[in-house]
Amino acid sequence: MKEPPPPMTKVVTRFAPSPTGFLHIGGARTALFNWLYARRFDGTFLLRIEDTDRERSTKPAVDAIIDGLTWLGLKWDGEAVSQFERAARHREVVDEMLASGNAYRCYATPQELQEMREKQRAEGKPMRYDGRWRDRDPSEAPPGVAPVIRLRARQDGETIVDDKVQGKVTFANKELDDLVLLRSDGGPTYMLAVVVDDHDMGVTHIIRGDDHLTNAARQMQIYQALGWDIPVMAHIPLIHGPDGAKLSKRHGALGVDAYRALGYLPAALRNYLVRLGWSQGDREFFSTEEMIAAFDLSSIGRSPSRFDFVKLENMNGHFMRAMPDGELMVALIDSLPYLNGGPEIAAKLDESMRVKLAAAMPGLKERAKTLVELLDGAGFLFAQRPLGLDERAREIIANGGREHLAALLPRLRAVADWTSAATEAVVRDYALEHGAKLGQIAQPLRAATTGRATSPGIFDVLAVLGREESLGRLADQATR
RNA sequence: GCGCCCAUCGUCUAGCGGUCCAGGACGUCGCCCUUUCACGGCGAAAACACGGGUUCGAUUCCCGUUGGGCGCGCCA
């Protein structure tokens with residue numbers, strides 16, 4: 001249960017995305033786990049951009065990652081490290097390996113290797129580099145071919161990854177071939193760069209997706225060749241799409257910016273994400289502090305999970321209702337630039353509108369599961385007379401609603417003290433006199449004042465809108 | 001093809017040999033509350049993939065089958 005880190009060792013975790021696209025939900029969860037673990041043990045959480053592939057790394061992708069992490073509240077310690085900028089150090093390490101005999105030059109061309117793999121596949125053999133230059137004399141090198149540098153990996157015995165999540169996973173060394181350390185252009189490969197950087201950055205715990213499990217074994221061979229200590233590893237299962245297939249851009253693999261635009265709260269998304277793969281008994285909800293205090297590696301499951309928007313939405317609704325009105329206001333206003341129709345509302349949000357919004361907030365947040373729904377529900381506050389009515393509202397007005405409004409209007413005009421209690425008293429009396437249920441009278445009022453069949457309590461709506469505006473909206477529908 | 005990983009309600013999961021005719025959450029379906037919609041409350045249906053072992057006893061341990069996933073690049 002308890003999982004104290006080795007004493008005297010400060011925990012250092014890292015999130016190491018490659019900037020070849022947006023920050024997707026799986027990456028966000030990996031970042032969250034690393035962040036939680038570091039916070040839990042009062043350690044350090046580092047960010048390293050794995051941009052050694054110059055062809056595919058882009059600045060917009062780096063920005064998207066930074067923006068996504070920031071929005072999610074996963075603040076890293078220190079400056080983000082660019083892996084590319086450390087290329088000189090990577091080469092230096094490879095020189096050492098060359099000198100010690102742990103690495104060698106391979107002059108096989110890409111085409112040659114391609115043919116080799118095709119042949120292996122055709123013959124039903126494992127697809128691996130066959131070591132053709134492993135023991136060949138460099139004097140045999142073909143002219144004009146720039147070599148890659150490969151690791152001279154052990155071919156006998158086995159490599160055991162002692163993983164905090166997956167347990168001890170054994171790979172026969174003969175299954176692992178001589179991976180490329182340095183490309184023919186002198187640039188480091190991912191395999192080499194992660195090892196060197198994790199080591200240099202003092203990373204103590206590597207928490208990443210289990211698609212890296214095989215890589216872990218290969219990386220261990222590099223650590224061993226270098227005589228370096230191997231960090232604690234934890235390979236967490238992947239998140240799949242709703243249909244169980246791999247999470248791809250086709251299904252639901254949205255960038256975290258999309259979740260912001262969809263109106264989710266960072267705290268809710270974090271809570272949803274942490275429960276995908278990690279659990280603590282029956283517990284569903286965690287505040288950030290509780291999450292940090294409870295998080296551990298041993299409670300991470302090993303089976304993949306599916307992303308379920310419906311549950312995320314429910315969870316988000318819980319967070320919104322639990323949030324104090326003032327904070328929710330701030331969250332909503334801050335999100336306006338990213339929400340559909342948000343900028344327009346932001347433009348109309350003067351001081352008096354803010355007051356109205358704040359007053360309506362309690363009734364509004366009860367029926368919204370996302371900020372988008374919250375904004376939508378608040379729409380009537382910002383609407384201009386005469387209001388456009390939706391389908392259901394029109395029906396309510398048409399089917400007897402108009403008559404009630406006409407009859408009610410003078411009575412409401414007579415209300416001097418415009419409070420929800422006062423208007424409610426008038427409407428209740430009216431309903432009683434006509435032997436009608438309150439709902440029959442309340443609905444036309446709602447339709448006329450909000451243009452909808454759904455809204456916060458109608459008497460609260462009247463109060464928030466104010467005497468003038470309410471009466472005006474009512475009159476618009478009563479007399480048409 | 002080869003290697004590795006996984007397998008409890010539709011979904012996320014609890015379970016770490018007997019307390020399980022399997023618990024919680026979302027969703028679904030009823031009922032209640034009610035001024036609509038929500039919220040809330042109560043209740044229901046809903047799962048240990050299959051086959052062998054081990055054991056006095058398996059959801060829990062082992063093996064196999066099936067099904068999924070990941071990896072097998074001079075990508076990360």
Side-chain angles (χ1 to χ4, degrees), chain A residues 16-20 50-53 55-57 83 106 108-110 113-114 117 120-129 146-150 161 163 165-167 169-172 174-177 179-185 187-191 193-194 209-215 217-218 235 237-238 240 242 244-246 272 275-285 301-308 310-315 317 321 363-369 373 377 392 396 424 427-428 431 437-443 445-447 452-459:
Chain A
S18 65
T20 53
E50 310 240 314
D51 52 1
T52 52
D53 183 344
E55 300 292 304
R56 300 201 292 174
S57 298
Q83 189 158 63
C106 168
T109 63
L113 295 173
Q114 180 67 27
R117 287 188 200 99
Q120 290 169 334
R121 174 176 274 277
E123 292 172 359
K125 291 185 178 158
M127 295 188 290
R128 284 189 281 275
Y129 174 68
V148 297
I149 312 291
R150 288 182 184 270
V161 178
D163 193 275
V165 172
Q166 306 290 337
V169 184
T170 305
F171 294 87
K174 64 176 172 73
E175 305 292 344
L176 276 14
D177 59 7
L179 65 267
V180 173
L181 262 13
L182 226 51
R183 299 194 260 251
S184 54
D185 66 1
T189 60
Y190 159 79
M191 286 294 176
V194 239
D210 72 9
D211 50 339
H212 284 285
L213 194 53
T214 316
N215 292 338
R218 316 179 84 114
H235 288 87
L238 303 177
H240 292 166
K246 185 187 179 184
Y272 177 72
R275 287 283 292 102
L276 240 39
W278 177 85
S279 63
Q280 193 198 46
D282 285 345
R283 190 115 185 244
E284 294 284 347
F285 289 94
R302 278 184 293 189
S303 51
S305 49
R306 301 184 185 199
F307 194 87
D308 181 8
V310 179
K311 184 156 185 175
L312 201 212
E313 213 166 274
N314 172 277
M315 200 159 243
R321 290 193 296 280
L364 252 20
K365 73 178 183 183
E366 283 304 311
R367 46 223 100 206
K369 294 212 265 300
E373 291 179 9
R392 293 186 58 202
I396 291 167
E424 176 166 1
V427 175
R428 279 192 187 277
K437 289 188 66 174
L438 187 54
Q440 291 176 261
I441 313 303
Q443 279 307 81
L445 289 172
R446 190 187 320 270
R452 303 278 186 91
T454 296
S455 80
I458 182 60
F459 305 112

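Nothing here was measured: the structure is a model prediction, and the numbers come from that model.
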ask   = Would you say rC74(B) has OP1 or OP2 under 4.0 Å from some side-chain N or O of Arg150(A)?
value = yes
Under 3.5 Å donor-acceptor, Glu373(A) side chain and Lys369(A) backbone = yes
query = Would you say Arg306(A) reaches rG10(B)'s phosphate, i.e. side-chain N/O to OP1/OP2 under 4.0 Å?
reply = no
key: Given rA25(B), rC4(B), rC72(B), the nucleotide with the shortest approach to the side chain of Arg218(A)   = rC72(B)
task = Look at the side-chain N and O atoms of Ser279(A) and state whether any lies under 4.0 Å from the OP1 or OP2 oxygen of rA14(B).
result = yes
task = Describe the nucleic acid contact of Arg275(A) in one word from base, sugar-phosphate, nothing, applying a heavy-atom distance below 4.0 Å.
result = base
Paired nucleotide for rU28(B) [Watson-Crick or G-U wobble; both distances under 3.5 Å] = rA44(B)
key: Identity of whatever pairs with rC2(B) - Watson-Crick or G-U, under 3.5 angstrom   = rG71(B)
inquiry  = Please classify the nucleic acid contact of Phe171(A) as base, sugar-phosphate, or nothing, using heavy-atom distances under 4.0 Å.
reply    = sugar-phosphate
remark   = Scanning all shown strands, the Watson-Crick or wobble mate of rA49(B) with both distances under 3.5 Å is rU65(B)
message = Side-chain N or O of Asn215(A) versus OP1/OP2 of rG71(B): is the shortest distance under 4.0 Å?
response = no
Any donor-acceptor pair under 3.5 Å from Arg275(A) side chain to Phe285(A) backbone = no
key: Backbone N/O of Thr20(A) and side chain of Ser57(A): donor-acceptor pair under 3.5 Å   = no
message = As a test of reading the structure: which of rC2(B), rA76(B), rG71(B) is closest to the side chain of Thr214(A), going by heavy atoms?
response = rG71(B)
ask   = According to a strict under-4.0 Å criterion, is Arg302(A) in side-chain N/O contact with OP1 or OP2 of rC6(B)?
value = yes
request  = Report yes if at least one side-chain N or O of Arg283(A) is closer than 4.0 Å to OP1 or OP2 of rA25(B); otherwise report no.
outcome  = no
request  = Assign Pro110(A) to base, sugar-phosphate, or nothing according to its heavy-atom contacts below 4.0 angstrom with the strands shown.
outcome  = base
ask   = Is any side-chain heavy atom of Asp210(A) less than 4.5 Å from a side-chain heavy atom of Leu238(A)?
value = yes
request  = Quick one: label Val148(A) by what it contacts on the DNA or RNA (base, sugar-phosphate, nothing), any heavy atom closer than 4.0 Å.
outcome  = base
message = Work out how far the P atom of rA46(B) is from that of rA22(B), and round it to whole angstrom.
response = 10 Å
task = Could you tell me whether Arg452(A) contacts a base, only the sugar-phosphate backbone, or nothing, with contacts defined as non-hydrogen atoms closer than 4.0 Å?
result = nothing
request  = Look at the aromatic rings of Tyr190(A) and His212(A) and report parallel, tilted or perpendicular, splitting at 30° and 60°.
outcome  = tilted
ask   = Where the side chain of Glu284(A) is concerned, which of rA25(B), rC72(B), rU35(B) is the nearest nucleotide?
value = rA25(B)
message = Side chain of Ser303(A) only, heavy atoms from C-beta on: which candidate in rU36(B), rA7(B), rG24(B) is closest?
response = rA7(B)
ask   = Side-chain N or O of Arg117(A) less than 4.0 angstrom from OP1 or OP2 on rC74(B)?
value = yes
request  = Locate the shortest heavy-atom distance separating Asp177(A) from Tyr129(A); write the atom from each residue and the value.
outcome  = OD2-N, 2.8 Å
ask   = Hey, does the side chain of Thr52(A) come within less than 4.0 Å of rA76(B)'s phosphate (OP1/OP2), counting only N and O?
value = yes
